Amino acid sequence: MKMIGKISLLAAAALMILSGNDAFAQKKAKAQAEPEFKPLTDEEYEALAATPPMGWNSWNKFGCNVSETLIKEMADAMVSSGMRDAGYQYIVIDDCWQVDRDKDGNIVCDPERFPNGMKAVADYVHSKGLKFGIYSCAGSYTCQGRPGSKGHQFQDARTYASWGVDYLKYDWCSNDGQNARAAYQTMSEAIKAAGRPIVLSICEWGEGEPWKWGKGIGHLWRVTPDIRDIYDCTFDWGGVGVLQCIDAMADLQRYAGPGHWNDAEMLEVGNGGMTRDEYITHFSMWSLLAAPLMSGNDLRHMSPETIEILCNTEVIEVNQDPKGEQGTRWMDMGDKEIWAKPLSGGEVAICFMNRSDSEWHLDHNWLKQTMYFATEINMKTTEYTVRDLWEHCDLGTTKTNLVKTIPAHGTLMVRLSPKK
Ligand code: GLA
């Protein structure tokens with residue numbers, strides 16, 4: 001009896017060792033199969049948007065009419081039009097891709113419009129050398145009544161990471177009176193915990209002054225209600241025009257910098273509601289304001305004029321300047337304004353913006369007429385060359401007057417570089 005007892009004890013011990021080994025082997029195999037999620041550090045997170053994000057978003061042109069086919073065609077067009085080479089990166093699906101949650105609470109995408117699931121779409125976008133973005137909302141429902149992320153933030157962030165999402169636009173409808181900062185902080189933590197680099201676009205319309213708390217939580221934050229394809233419209237819930245977006249950005253310079261940007265709203269260039277000169281103002285000013293450049297038109301059917309504007313690399317360089325300073329309004333002469341953005345290497349970008357309905361016959365004496373500014377950049381001792389960023393030609397130096405006619409609603413954008 002004793003002997004049997006000893007044998008059974010030994011057997012039990014051997015079994016324990018064996019099963020222990022077995023558990024270890026199983027754990028090892030699992031770890032090899034599933035890459036472990038490594039949370040992003042705060043530094044890694046901020047580094048995701050060292051310069052203002054550039055891309056395309058479906059909302060302005062297509063509203064709820066999104067599908068796998070549309071997104072793939074847009075990715076193709078971003079490459080064939082030259083936009084990818086000009087710096088655009090993200091293809092973002094806005095509202096309406098989601099229809100439900102499954103029994104485990106996982107978000108479900110529209111099976112008819114996205115028959116192969118979202119990962120297939122992301123894979124396609126990535127295969128074109130681009131990045132993939134998606135939309136959700138901090139409330140229970142999105143602005144179009146689709147399921148929002150409230151109560152599912154960590155689960156959704158894991159889902160997005162598994163699909164290969166690189167950018168999340170996070171809206172503010174049906175927010176049930178939540179505290180905005182806390183709501184966006186939660187999604188930010190969820191993204192960091194999911195371990196995939198995902199840019200977070202805070203779309204809170206500027207209601208809770210996100211410029212005061214958004215840094216480190218998200219990478220960009222909207223400062224206005226929704227833009228419309230109009231140069232000038234009333235600043236209310238009917239939407240905002242280009243001028244209202246610019247004015248809303250005017251005093252927010254100190255809140256922008258590498259990793260955190262004031263978002264002047266998505267672009268309307270190419271959507272047909274404005275003149276060429278107004279679109280030039282739109283694009284020049286977004287670039288000068290270091291605002292994200294998210295195009296919102298049909299990239300498959302662009303006129304040469306639209307491509308010329310969206311792909312003006314001299315203007316884009318100003319937007320993407322590594323110094324990351326947002327431009328400011330240097331002179332306000334009623335309906336004529338002068339804006340400046342310091343660039344790296346002692347250079348400066350300047351916009352002469354003509355808000356008026358008639359031409360501006362500019363005859364600008366650099367030293368006399370921009371006195372404060374001239375002092376700031378030592379114009380007395382340093383001579384700068386002046387380059388027209390739309391006509392791509394040099395316009396003399398700061399020692400001579402800048403003489404130019406600027407059309408109604410148009411903008412002259414120049415770059416000043418210390419003369420060698
Ligand atoms: C809000 C946002 C828009 C867009 C729509 C989608 O209005 O501000 O940019 O995302 O929702 O429903």
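Predicted, not measured: the structure shown is a model, and the values here were computed from it. Atoms within a ligand are numbered from 1 in the order they appear, just like the ligands themselves.
Note that CG of Leu299 and CZ of Arg84 are 13.5 Å apart. Values are rounded to the nearest 0.5 Å. In this structure, the separation between CD1 on Ile191 and CG on Leu40 is 9.0 Å, given to the nearest 0.5 Å. Thr400 contributes atom OG1, which lies 9.5 Å from atom CH2 of Trp366 (distance to the nearest 0.5 angstrom).
At least one heavy atom of Tyr135 sits less than 4.0 Å from an atom of ligand 1. At least one heavy atom of Asp226 sits less than 4.0 Å from an atom of ligand 1.
Closest heavy-atom contact between Ala340 and Val348: CB-CG1, 4.2 Å.
SG distance check for Cys96 and Cys64: under 2.5 Å. Per the SG-SG cut-off, Cys143 and Cys173 are bridged by a disulfide [distance under 2.5 Å].
Within ligand 1, the atoms closer than 4.0 Å to a non-hydrogen atom of Cys203 are 2 (C), 8 (O), numbered from 1 in the order shown. Interface atoms of ligand 1 facing Asp94, defined by a heavy-atom separation under 4.0 Å, are 4 (C), 6 (C), 10 (O). Against a heavy-atom cut-off of under 4.0 Å, Arg222 is close to the following atoms of ligand 1: 8 (O), 9 (O). Each of the atoms 1 (C), 11 (O), 12 (O) of ligand 1 lies under 4.0 Å from some heavy atom of Cys143. The distance from ligand 1 to the heavy atoms of Asp95 drops below 4.0 Å at these ligand atoms: 6 (C), 12 (O). Under a 4.0 Å criterion applied to the non-hydrogen atoms of Lys169, ligand 1 contributes the atoms 3 (C), 4 (C), 9 (O), 10 (O). Each of the atoms 2 (C), 8 (O) of ligand 1 lies under 4.0 Å from some heavy atom of Trp205.
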Exercise for review: Take Asp94 and Ser58, measure what side-chain hydrogen bond (donor to acceptor under 3.5 Å, both in side chains) needs, and give me the verdict at the end.
Suggested key: CA-CA 6 Å; Asp94 207 279; Ser58 55; 5.4 Å; no
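When the ring pair (Phe, Tyr, Trp, His ring centres under 6.0 Å) test is applied to Tyr90, the partners found at least two apart in sequence or on another chain are Tyr167. Judged as a ring pair (Phe, Tyr, Trp, His ring centres under 6.0 Å), and not counting sequence neighbours, the contacts of Trp286 are His282.
Neither the backbone nor the side chain of Thr142 has a heavy atom within less than 4.0 Å of ligand 1. Contacts between Pro225 and ligand 1, counted as non-hydrogen atom pairs separated by less than 4.0 Å, are absent for every part of the residue.
Looking at Trp59 next to ligand 1, no N or O pair under 3.5 Å apart turns up. Not a single N or O atom of Glu265, backbone or side chain, sits closer than 3.5 Å to an N or O atom of ligand 1.
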